[in-house]
Every structure is written in C-alpha cells, then in structure tokens.
Amino acid sequence: MQDIDALRAARAVVVGLGASGRAATAVLHEVGARVTVAVPDAEEAERADLPAGVAVVADRDPHRLAELVAATDPGLLVASPGVPPANPVLASAARAGVDVWSEVELAWRIDRPSTRWLTLTGTNGKTTTVGMLASVLAAAGWHAPAVGNVGTPISTTVLDARAGGRPLDGLAVELSSFQLHFTRSPSPLASACLNITDDHLDWHGGPEGYRADKARVYEHTRVACVYNVADGATRRMVEEADVVEGARAVGFTLAAPRVAEVGVVESHLVDRAFITDRHTHGQVVADLADLAHLAAGSGASVPPHVVENALAAAALARAAGAAPEAVAQGLRDYRGGPHRIELVATVDGVDYVDDSKATNAHAAAASLASVPPGRAVWIAGGLAKGASLHELVRDRADRLRGVVVIGVDQQPVLDALARHAPEIPRTRIDPGEHEVMTAAVSAAARLATPGDVVLLAPACASMDQFDSYAHRGEAFAEAVRALAAQA
C-alpha cells in the first residue's frame, strides 16, 4: 500500500480517537477507504461525531477488542499516539502482518512528493522550536504551518491543500516519540533532535526503545540532519541514521560555531554550515536581541535553552534556503506559546512567569537557569512519575530565593530541597487546599521581594490536581491577575 490511490477502498482501522485518531478517520473516509474505529468505549465514538459510514468496534477488554478488529480483515491500522505498541490490538495486527501506521505516516503517503517537510523532535523544546521555525519560514515567504505534535494534525492539513485549499510550500513538523514509533517512510528536507533525556519509558519499554524512536526523525533526510553539539546522543543518532546520499550533519551550539555548525559569537547567531565560504567565514543570521521578548521577566537574560531552540530553528530554515534576514525577522515575530516562560504580570516589582509546560526536571532546570541567581521564588511539584529531582535542585539551588511546593506527591521536591538547599525558605500548600494555585501565588508573593521572579516551573506532571499543564497555567495566571487587582 503505497500512496493515496491505494488507500481508496482499503479496509482501514483507526485505533483510538484522540486528535490524531479523529484526523486519520476523517482523512481515510475522505479518500474513499472503508474505515472502522476501534475504541474501548462506544460512547467515545458517539461523542466524536464520526463521518457517516464509519463503523465502530468497541470493547473494554483489549484482547476482545483485538479479536473484533481482526474480524474486520483490515489491510491497515492507524494507531493514535496514546496507544502503546504493546496494546493487544496493535501487537496482534503486527503479528498477522498488517501494516500499522501513525497518522504521520498516513499524512506522508497522502502528501508525497509535493511538500517539503522540516521535522523535529526532542525531549524538551519541540513546540517552541517548531513555532520559531514556522515563523522564520513565514518571514521567508513560505506557507508552511506548524503541524504534528504541536496540535494541528498533519494529515488533514495536507489533504486540505490537495483538495483545493491554499497550496503548501512546506511544513514545520513537530514529532513526539509516540508518533515516530509507527512512522517509516517520510523523507524530510531537514530534520533535528533537540535533546534526549529519558522519558515515557513505560510506553517505549525502556530507554533504548525511547531513544530508537526519537532517532527515527533522521531517517531518509535529504539535506541536513541537525543535532545538539552538547548532547552527544543526538550526534550518534545522526551517525547511525540511514539518510539520503549527500545529507550533511549540522550541529548547533551555544559556543562559537565550527565548520558545519551554527552557534553564538558574542551577541550574534552565526551560520558556518550553509554558506559556501564556511571554512573561513561565518554568516550572522540573527542577534540575541531578536529573542529578548522571550526572556523570563524584565530583568532576565534570554534563557540558554531558548537560544538553542532558535539555533535549531535557524539551521532547519537555512537548510530550506531561508535568507539571514528571514531568520532574524522570524525570530522577532515569534511569540512563545502559552504556558512556556510566559510573563503574566509584574506586581509590586515582582515578575510572575508561567512555565507550566516544564513538566519534567530537564525543562524546569532550563527555566530556572533563565532567572538571575537568588531571584527565583519557585512554584514546584505535582505528579513526579517516579522521577528524582535531586540533580535539578543541586544544579539550580543558586537561583532560589524561596520555594512553594504544590501537588499531591510533594516528597520528591521536599527531599531534594532538604538535601541540596536546606537553607532556602519553603512553603507547603496542603494537597487538600481547594484553591491550590491561589494559595501558592499568595505564598510566593510573601517570599518575593522587588526584582524577584515568581516562576511556575513545576518539574512534574499536572494530572494530580489539574486537568492538564494548560489548566495549571491558566489557574496560575488567574491567581496572579487577582493578586494584581488587589495591589
């Protein structure tokens, strides 16, 4: 089964009905496939408002659901990212020799060879980087929206363009490890892995599986495989990738760039990869001032991880031919997504910054690094998922003025503070507190002095007390606005 023509009249089963599953269902139905949706709960399918003619099989027992799927005699399964490969429905189909695709794979089969894809993954920073990349490409005159894990399904985007919508010049594609697992065919113009630290190990069966799935981003790359010089694992991924002949390895670094790298010289972002005289010269493509609006508060410098994101975006865009002026303009135009180092308000000389999207220790460490030493009142905690926070607190204790601990499982934060920052004042918010974030913001305000940054960078997931990291960030912003109204 190779392309959109082969999908017509194919028997396809979509497993799961998240955003990707709903998109895959709509696209397969639109191109003429005979579509069945497999879900644990039939009411979920009813709520999804599926197209007429789409069949549904449902059973809460995954083994029974696998039997129901097999009875449809499918030629193809499309797996939603939330469904792990060990799920009996997917595992039994794979054993029977049925193709199992991601929604990303489906999109590529529909789209090829018309659109230039620029793909990226990483444990942290994906959404920021893909937003920067889309902004740079827009400044270069491309219609190349950010799609994929950022929230906009790829398959519906490319099908709309094929069906007479605005033509695509390219796509800025954010990919999660879940999406990459069942993705085999894409041949991107350029690709990147920003960083790699262990995450989602239960889904992938361990660190080796997680890293192998992340490495898929580089497969079949045609022009440039962009890696993080400071993260040797990303370089090894490039070295082991099966790329198109002629594709080059391009590093990004916070240091002065060597040949085949983009990096930082004084206050400049400099390209020594995509210019003809790169062995002797560098090309300035942007300045740190172009990122100043992304700093965490009025007195803060641009966070190092934000600079890294910008360098990766610049490298991908330069691989696609974007001019230096477009890189600089695109970075100036980019506005960070919600809940990612977002200044909510300044109250009595204290900046209140929402980085609720910092759901693991690596992201929280990067966020704290953006605050001047001794100036962070850190709101931390939530669902730690068994992770240790000792290294995080050890490395960022110098940034702390005080800590407010939230969450049902507070012990990982408290243990790390007791060991590595015992002198730092802290306040615990009772897990039974009805208005958790109001209490947390009030406690942080009492610890803060003018010039400080109250930083929500929890280093933990949100589902213990909130619906999502977005819900947590919105509760923080609401509490800050209430505090400002009282000032």
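FYI, the numbering just counts along the sequence from 1.
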Pairwise distance CG(L269) to CG(L311) - rounded to 0.5 angstrom: 4.5 Å
Separation between CD1 of I406 and SG of C460, rounded to the nearest 0.5 Å: 8.5 Å
Chi angles and distances behind the salt bridge (Lys or Arg N to Asp or Glu O under 4.0 Å) call for R258, E261: CA-CA 6 Å; R258 298 172 296 181; E261 293 178 355; 2.8 Å; yes
N/O donor-acceptor pair under 3.5 Å between D290 side chain and A286 backbone: no
Short side-chain to backbone donor-acceptor contact, H220 and R184, under 3.5 Å: yes
Taking every non-hydrogen atom, the tightest pair across H390 and D415: CE1-O, 3.7 Å
CZ-CG distance between R375 and L400, expressed to the nearest 0.5 angstrom: 13.5 Å
R399 side chain to D395 backbone, donor-acceptor under 3.5 Å: no
Donor + acceptor pair across side chains of S267, D287 (<3.5 Å): yes
Donor + acceptor pair across side chains of S191, T221 (<3.5 Å): yes
Donor-acceptor contact below 3.5 Å, side chain S370 vs main chain S367: yes
Verdict with reasoning, L343 to D351, per side chain to side chain contact (heavy atoms under 4.5 Å, CB included): CA-CA 7 Å; L343 178 63; D351 291 334; 3.7 Å; yes
Closest non-hydrogen atom pair, L194 against A312: CD2-CB, 3.5 Å
A363 to N360 - nearest heavy-atom pair and separation: N-OD1, 2.9 Å
Check against side chain to side chain contact (heavy atoms under 4.5 Å, CB included), H181 and S102: CA-CA 8 Å; H181 182 83; S102 65; over 6 Å; no
Verdict with supporting geometry, L180 and V104, side chain to side chain contact (heavy atoms under 4.5 Å, CB included): CA-CA 8 Å; L180 283 162; V104 180; over 6 Å; no
What pairs of donor and acceptor atoms, side-chain ones from residues 132-152 against any protein atom, are under 3.5 angstrom apart with sequence neighbours left out?
{"residue": "S135", "atom": "OG", "partner": "G330", "partner atom": "O", "Å": "2.6"}
{"residue": "N149", "atom": "ND2", "partner": "E174", "partner atom": "OE2", "Å": "2.7"}

Any V377 side-chain heavy atom under 4.5 Å of L455 side chain: no
Donor-acceptor contact present, side-chain R394 to main-chain H420, <3.5 Å: no
Backbone of N124 reached by a side-chain donor or acceptor of N195 within 3.5 Å: yes
S462/S468 under side-chain hydrogen bond (donor to acceptor under 3.5 Å, both in side chains): CA gap, chis, key distance, verdict: CA-CA 6 Å; S462 58; S468 63; 5.5 Å; no
Contacts of K214 that satisfy side-chain hydrogen bond (donor to acceptor under 3.5 Å, both in side chains) - sequence neighbours left out: T121
Nearest heavy atoms of L120 and T129, plus distance in Å: CD2-CG2, 3.9 Å
F476 side chain near S356 side chain, heavy-atom distance below 4.5 Å: no
Test item: L294 and Y334 side chains (from C-beta on) under 4.5 Å apart, heavy atoms: yes
Verdict with reasoning, K126 to S176, per side-chain hydrogen bond (donor to acceptor under 3.5 Å, both in side chains): CA-CA 9 Å; K126 298 185 294 296; S176 71; over 6 Å; no
Min side-chain heavy-atom separation I110-R162 under 4.5 Å: yes
Atom CD of Q411: over 12 foreign heavy atoms under 6.0 Å: yes
R211 vs I196 side-chain heavy atoms within contact, under 4.5 Å: yes
Test item: side-chain donor near acceptor, R335 and H293, under 3.5 Å: yes
Side chain to side chain contact (heavy atoms under 4.5 Å, CB included) partner of V89, the single match among V83, V69, V100: V69
Residues E103 and S155: side-chain donor-acceptor under 3.5 angstrom: yes
Without placing hydrogens or testing angles, list every side-chain donor-acceptor pair under 3.5 Å for residues 12-20, not counting sequence neighbours.
none

Flag for T127-R340: side-chain donor and acceptor within less than 3.5 Å: no
Those residues that, when tested against W378, pass ring pair (Phe, Tyr, Trp, His ring centres under 6.0 Å) (two or more places apart): none
Exam field: side chain R278 to backbone V259, donor-acceptor pair closer than 3.5 Å: no
Side-chain donor/acceptor of R116 to backbone N/O of L171, under 3.5 Å: no
Rounded distance [0.5 Å steps], NE2 in H471 versus CE in M463: 13.5 Å
Side-chain (D354) to main-chain (L456) donor-acceptor, under 3.5 angstrom: no
Between Y218 and T119, a side-chain donor and acceptor under 3.5 Å: no
Close side-chain approach of V78 to F182, heavy-atom, < 4.5 Å: no
From T157 atom OG1 to R166 atom CZ, the distance as rounded to the nearest 0.5 Å: 13.0 Å
Beyond-backbone contact of V285 with V270, side-chain heavy atoms, under 4.5 angstrom: no
Between OG1 on residue T183 and CZ on residue R216, distance to nearest 0.5 Å: 8.0 Å
Show me the donor-acceptor pairs, under 3.5 Å and distance only, between side chains in residues 244-253 and residues at least two apart or in other chains.
{"residue": "R248", "atom": "NH1", "partner": "A273", "partner atom": "O", "Å": "3.2"}
{"residue": "R248", "atom": "NH2", "partner": "A273", "partner atom": "O", "Å": "2.7"}
{"residue": "T253", "atom": "OG1", "partner": "A255", "partner atom": "N", "Å": "3.0"}

If you look only at distance, which donor and acceptor atoms sit under 3.5 Å apart when one is on a side chain in residues 314-326 and the other is two or more places apart or in another chain?
{"residue": "R318", "atom": "NE", "partner": "D271", "partner atom": "OD2", "Å": "2.9"}
{"residue": "R318", "atom": "NH1", "partner": "A322", "partner atom": "O", "Å": "3.0"}
{"residue": "R318", "atom": "NH2", "partner": "D271", "partner atom": "OD2", "Å": "2.9"}

R235 and E239 ion-paired at < 4.0 Å: yes
Test item: V454 and I379 side chains (from C-beta on) under 4.5 Å apart, heavy atoms: yes
Least distance between heavy atoms, V413 atom then G381 atom: CG2-CA, 3.9 Å
Minimal non-hydrogen separation, L392 against L368, with atom names: CD1-CD1, 4.2 Å
Test log, rule side chain to side chain contact (heavy atoms under 4.5 Å, CB included), inputs V31 and L159: CA-CA 9 Å; V31 301; L159 188 63; 4.0 Å; yes
Side-chain donor or acceptor of E342 paired with backbone N/O of H339 under 3.5 Å: yes
